[in-house]
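The model shown is predicted, which means the values in this text are computed figures rather than measured ones. Computation of the quantities below employed the complete heavy-atom set of this structure, encompassing side-chain atoms and omitting hydrogens, waters and symmetry-equivalent molecules. In what follows, chains are A, B, ... by sequence order, proteins preceding strands, each numbered from 1.
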Amino acid sequence: MRFIGFLAILLFSCADTAWSQSASCRGVESRIQDIATDVKKNFKERDVAPNVEYIKRLATTCKVDIAKFGWGRGLFDYWKNTGYEAEVDKAKEQLEQYSKFRDVSPELDRYKKYASRLKVNSQEINGYYSKYRSQGLASARAEEKKCQPAVDLRNEVLGEVRDQDSIGWCYAFAGAELLTYKIGKKVSAVDVAMNYNDGWFNNILKRVGWGEQDFAGASAQGIGTAISNTKEKGGACLETNLRSEDNGYSTIMSNLTEIDNIKKKSGSFQSSTCPSAVQRVFPSIQAKEFMDIAENSSRATLMSMLSDKACKPRIRLKGVEVEYVSPSFFSGDTADVFNQIDKQLNRKNILAIAYNAELLYNRNAKKFGGHMSNIVGRRFNKNNGECEYLIRNSWGRGCSSYDPYYTCEAGNIWVPKSVISKGVANVSFIK
Amino acid sequence: MSALLSSLILAVTLTAQAQDLTCSSGRISQVEFGKIKVESSNYCFNSDKTVLLSRNCQQKKCRAFEDKRRFKIGELLSEVGKPSFRLCRELGGQPEIIEFFVEDQPYKLDRCLFKDGSFADSDFLLAHYLER
């Protein structure tokens with residue numbers, strides 16, 4: 001009886017194997033081509049050996065002659081070796097960078113694995129390995145000391161992270177947070193942006209078909225200009241008087257354009273209702289007040305007068321000065337930048353940072369430039385052995401898409417110093 | 001046999017994903033013309049309320065996840081605000097900053113709203129469409 005049972009299982013598994021083999025060979029040529037397309041796209045960037053081996057296995061199992069794809073015999077090895085070389089280059093680049101801040105065992109293991117596959121001589125591999133191993137361990141010990149004490153400056157006034165919506169006004173949000181922290185009241189980011197773009201009201205008159213992108217973005221020192229202009233205008237405007245985020249179905253910029261168009265089209269205002277764009281941006285301004293301002297302003301002064309009205313009374317910013325620190329122009333060394341970050345955090349002051357936002361999504365990204373946020377904390381993370389800074393972003397509370405290596409807390413992201421040091425353009429703070 | 005095994009793994013994964021989310025009927029509000037506009041809705045959210053999906057998007061089988069394209073972050077990071085809003089528009093959705101309520105407690109987030117009424121918070125959408 002037991003023998004019959006064994007026979008049945010054997011028969012079933014043989015039939016299943018034959019069935020699955022014929023099934024898995026169906027459409028095999030197009031599958032091979034699909035996988036090869038992926039390999040060709042990536043073999044200069046990363047290890048593609050698993051896919052190459054899979055192609056080989058499919059071709060052997062299903063008896064496909066690879067010559068029909070125009071592939072020579074050495075092609076598979078070429079794809080694989082080029083991928084290994086890319087991995088070695090990547091590992092070396094990361095070792096150079098990260099060994100200045102932390103233990104680099106994972107990168108060393110990767111280097112060793114791919115260098116061995118490329119048949120690099122073992123003496124060279126071991127020499128390289130031990131050099132960066134000891135450098136990484138020494139850095140890790142030093143960084144753990146420097147990273148003390150833990151600091152977290154999030155507070156009730158700052159509240160939840162902001163959401164800058166679709167406009168490139170990150171500098172205004174980062175600047176508004178510096179002011180908010182300084183004066184203890186929530187400051188309007190839109191007002192900071194308007195003050196930075198003070199020439200905007202004149203520019204708009206000259207342009208036809210302009211878009212948000214014409215006014216988005218700021219120089220790396222935009223925060224200083226924006227805060228200095230805000231100070232000259234009489235001080236900070238409170239968020240309750242000029243909202244930065246709640247613009248319903250519109251963006252703040254499209255609302256401002258709409259307001260400008262209203263003025264452009266009408267010499268005078270007869271309607272007794274406040275235009276919807278004005279209601280969205282300046283909810284505290286009543287219809288009658290808007291009519292008065294509209295009648296007594298030019299296109300160049302309308303927006304400015306509306307914001308002045310909405311922002312009354314402004315909070316004076318006496319003695320507020322912004323200071324910057326950048327990496328060394330010649331060597332790119334970031335020691336001064338991190339010394340200043342630590343100094344400010346130790347005296348419980350937050351900072352703004354201009355950096356490459358691509359690093360938020362990929363800690364190994366290489367590009368430079370583009371975004372500003374705030375730094376509001378520091379900690380030593382024992383799990384990964386890294387000193388981390390708390391980046392308070394202005395892209396809302398979402399945490400789904402950032403590099404999973406980071407810890408994200410409702411839009412605040414703990415990013416290692418080893419990563420920030422690659423992409424920092426400058427840091428700024430209120431003295 | 002292997003197909004059966006794959007289906008089993010998929011089912012377990014979907015169950016695990018579903019367990020991470022809580023679904024309920026509730027309210028979504030946003031500010032329009034300086035006034036709060038409230039709508040009733042069915043949605044799912046995670047424990048720290050940083051993920052929000054319309055109930056019909058729970059298994060990613062809704063308009064929001066139909067697009068076959070994938071995006072590199074560099075394509076979405078220009079000087080134009082937050083990248084997930086740009087993605088939302090690329091996909092034909094309407095980005096909105098909203099608050100959703102769980103047991104009368106408001107949670108500020110955003111959503112990318114599609115014409116069929118389905119929605120997902122824009123960061124969850126970005127994680128789905130991002131080519132890493």
Next item on the list: Answer whether the closest heavy-atom distance between the side chains of B:F124 and B:L52 falls below 4.5 Å.
Entry: no
Next item on the list: Using the test side-chain hydrogen bond (donor to acceptor under 3.5 Å, both in side chains), find all partners of B:R55 that sit at least two apart in sequence or belong to another chain.
Entry: none
Next item on the list: Could you pull out all residues at least two apart from B:D110 that satisfy side-chain hydrogen bond (donor to acceptor under 3.5 Å, both in side chains)?
Entry: B:K82, B:S122
Next item on the list: With a 4.5 angstrom heavy-atom cut-off, could you sort out which part of B:L126 is near chain A: side chain, backbone, both or neither?
Entry: both
Next item on the list: Find the one option among A:Y361, A:F173, A:F282 whose heavy-atom pairs under 4.5 Å with chain B are most numerous.
Entry: A:Y361
Notebook entry, point to check: Would B:R63 and B:D116 pass as an ion pair if we require N to O under 4.0 Å?
Noted result: no
Margin query: Please determine whether a side-chain nitrogen of the Lys or Arg among B:K108 and A:E160 lies less than 4.0 Å from a carboxylate oxygen of the Asp or Glu.
Written below: no
Item checked: Contacts of type ring-ring contact (aromatic ring centres under 6.0 Å, His included), residue A:Y406, not counting sequence neighbours -> none
Margin query: Suppose a student defines contact as a heavy atom less than 4.5 Å from any heavy atom of chain A. Which residues in residues 40-50 of chain B would they list?
Written below: B:D48, B:K49, B:T50
Notebook entry, point to check: Are any of the side-chain nitrogens in A:R162 or A:E239 under 4.0 Å away from the carboxylate oxygens of its partner?
Noted result: yes
